[in-house]
Amino acid sequence: MSDAIRLEDAVEFAENPEPRCPCILLLDTSGSMGGLPIEALNDGLETFRDELNQDDLARKRVEVAVVSFDSKVNVVLDFVTADRFEAPVLSAQGLTSMGTGLQKALDLLDERKRQYRDNGITYYRPWIFTITDGEPQGEPKRAIEEAMARLRDDEANKRVACFAVGVENANMERLGEIFPRTPLKLKGLDFRELFVWLSASMQRVSNSQPDDQVPLPPPGWGEV
Amino acid sequence: MNWRVLGASVCGTSHQKRSQPCQDAWAATIRDDGFLLVAVADGAGSAARSRDGATCAVEAAIAYLANLTFPDLTNQQTCDKEEPDLEPTWEPLLREALTTAKTAVVEQAEAAGLPPRDYASTLILLVASPAGVAVAQIGDGAAVMMDESGTLMALTQPQQGEYANQTTFLTSEGAIAQAEISLQPIPAQGIALFSDGLQRLALQMPEGTPHNGFFSPLFQFINQDLELDGANAQLQDFLTSPRVSQRTDDDLTLVLAGAIAPSPRDS
């Protein structure tokens, strides 16, 4: 008999990149978000960072990007893994280029998926998480129409899961027309609870086993 | 000809966190005529009864294969042909074994008044004789073998969708037609079947090449003169060790088989 092999010591592992779970936060920074709402949103982003980093796998697998929309659309933060995510401090001004923002988010996702594929990285279905207190305003009408068509197509083909949350005086009816999934209304300015939920959901997705449906924690922060 | 077989399924840390049971199952049998049968199934995390589905699938498949008359797995038996004649005989046989397993799972679901998707699992089936190896696979996980010269080869590849958490299940539509069938008409010194939880540790992705540092010690281990209870415990300890659980939180199944006797082509 040969010398006993201790499996725990002897076996080495292949080095493969972690599968990634991309999530875009698409945030309304129009003038009406000024004051308390934007402050609560900024605090919520810090909560999101803290919560995600409590999960060893989520911090390596969840990738966050932040896109803001007001009169312009800004990629505030391109994709980084959660362990490198620094919560940005957003300020509010201008109008509500929601359609342009959605298209930018979809473009970013297409590009990210291409990078994953080129590098042999597996990934989960991407999320876009949209937060707004209004409706599209101050951009050409076709911007939102094109965004809606893309969104419908991408949702139908499971290329993305796009969620919308309305804050305060958001036009929920209009949001219901724009987003294939029923938008939720945030209770008050409870962004903290919302981001705790989002983090828990991303943890579930990033830790999920071969499923096609990941059961998500029920949102305590919203109402239909 | 005989085989030494070890196997373990352990619950992933993410399943422990959510108080989910281990949803993997495996079974292995050595037939009197020396054929080795192994089955591994990984129950879908989202399916309520997938542990039952996985168990039912491996048991039904092994029971079916246990009583079949197998065609020879070696090339040399095929007369008058330059090409091996394995595929036309083995392929329908393996698909029939998958169908039998699927039928058993669907019947169990119907008896419980539940949809078959509640019992969704992957399934890998392997038949090995001294002459070669035949594998059928639906879903992810993979089968790897080491030949007598020590060369590793992937017998199958994980079936994955676009997303990391997507795969095909035995109960999925068209799954049996899409099953990967693999035949190797050469003797195996070592065989490993594993569920997808070990994929990223065992295979170099995206090519799916078996990682030498992973398999060589395992095959060396299974090819020693082992006391089986102790060896099974060691395999279990390995799969639950922090080194492994830091890298994957999924349920893990690993079945190892080593050929004991010299292959008959030496005789």
Side-chain angles (χ1 to χ4, degrees), chain A residues 1-22 54-63 109 113-114 116-127 154 157-161 200 202-217, chain B residues 12-15 17-18 20 23 42-47 120 122 139-140 160-169 196-197 199-207 209-218 220-221 223-226 231 234-235 237-239 241 243-244 246-251:
Chain A
M1 177 174 165
S2 55
D3 286 337
I5 298 162
R6 269 186 49 80
L7 288 181
E8 276 192 60
D9 303 331
V11 177
E12 292 167 18
F13 301 138
E15 288 296 333
N16 286 305
E18 292 287 338
R20 302 302 163 88
C21 183
Q54 286 178 16
D55 183 305
D56 282 344
L57 281 177
R59 52 183 292 164
K60 288 183 280 187
R61 293 182 175 180
V62 176
E63 289 195 334
L109 279 180
K113 282 189 182 182
R114 195 184 59 73
Y116 292 148
R117 285 192 289 265
D118 287 353
N119 291 288
I121 297 174
T122 57
Y123 54 93
Y124 297 87
R125 185 175 180 179
W127 280 29
D154 281 1
N157 291 294
K158 301 194 171 186
R159 283 194 283 264
V160 69
M202 294 322 288
Q203 287 174 32
R204 289 223 182 172
V205 174
S206 67
N207 290 354
S208 63
Q209 317 315 335
D211 303 350
D212 47 9
Q213 292 273 309
V214 180
L216 298 176
Chain B
T13 49
S14 67
H15 286 219
K17 264 189 228 166
R18 272 168 233 137
Q20 281 179 325
Q23 290 155 332
D42 178 350
S46 62
T122 65
D140 47 18
Q160 277 174 323
E162 182 186 1
Y163 300 128
N165 51 351
Q166 257 185 342
T167 193
T168 313
F169 298 116
D196 80 306
Q199 234 161 252
R200 294 176 48 261
L201 310 189
L203 300 177
Q204 199 57 58
M205 303 306 289
E207 300 81 9
T209 321
H211 184 60
N212 194 53
F214 186 85
F215 287 104
S216 290
L218 289 170
Q220 213 181 325
F221 181 72
N223 282 303
Q224 323 171 79
D225 187 9
L226 287 171
Q234 211 192 129
L235 184 61
D237 287 349
F238 164 64
L239 292 177
S241 67
R243 277 189 66 215
V244 172
Q246 277 163 12
R247 302 280 295 260
T248 172
D249 62 349
D250 198 355
D251 289 344

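Proteins get letters first, then strands, A, B, ... in listed order; numbering begins at 1 in each.
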- Between B/L203 and chain A, which part of the residue has a heavy atom less than 4.5 Å away: side chain, backbone, both or neither? backbone
- Close side-chain approach of B/Y163 to A/P126, heavy-atom, < 4.5 Å: yes
- Item | Listed partners of B/Q204 passing side-chain hydrogen bond (donor to acceptor under 3.5 Å, both in side chains), at least two apart | A/N16
- Item | From CD (B/Q166) to OG1 (A/T122), nearest 0.5 Å | 11.5 Å
- CG-CG distance between A/L57 and B/D250, expressed to the nearest 0.5 angstrom: 10.5 Å
- Query: Between B/R200 and A/E18, is there a side-chain N and carboxylate O pair less than 4.0 Å apart?
  - Reply: yes
- Query: Do you know which two heavy atoms are closest between B/A164 and A/P19, and how far apart they sit?
  - Reply: CB-CB, 4.0 Å
- Trace of the side chain to side chain contact (heavy atoms under 4.5 Å, CB included) decision for B/E162 with A/K113: CA-CA 10 Å; B/E162 182 186 1; A/K113 282 189 182 182; 3.2 Å; yes
For residues 8-15 of chain A, tabulate all N or O donor-acceptor pairs below 3.5 Å that involve a side-chain atom, not counting sequence neighbours.
{"residue": "A/D9", "atom": "OD2", "partner": "A/R6", "partner atom": "NE", "Å": "2.9"}

- Note on the structure: Heaviest contributor of heavy-atom pairs below 4.5 Å to chain A, chosen from B/H211, B/Q246, B/Q199, is B/H211
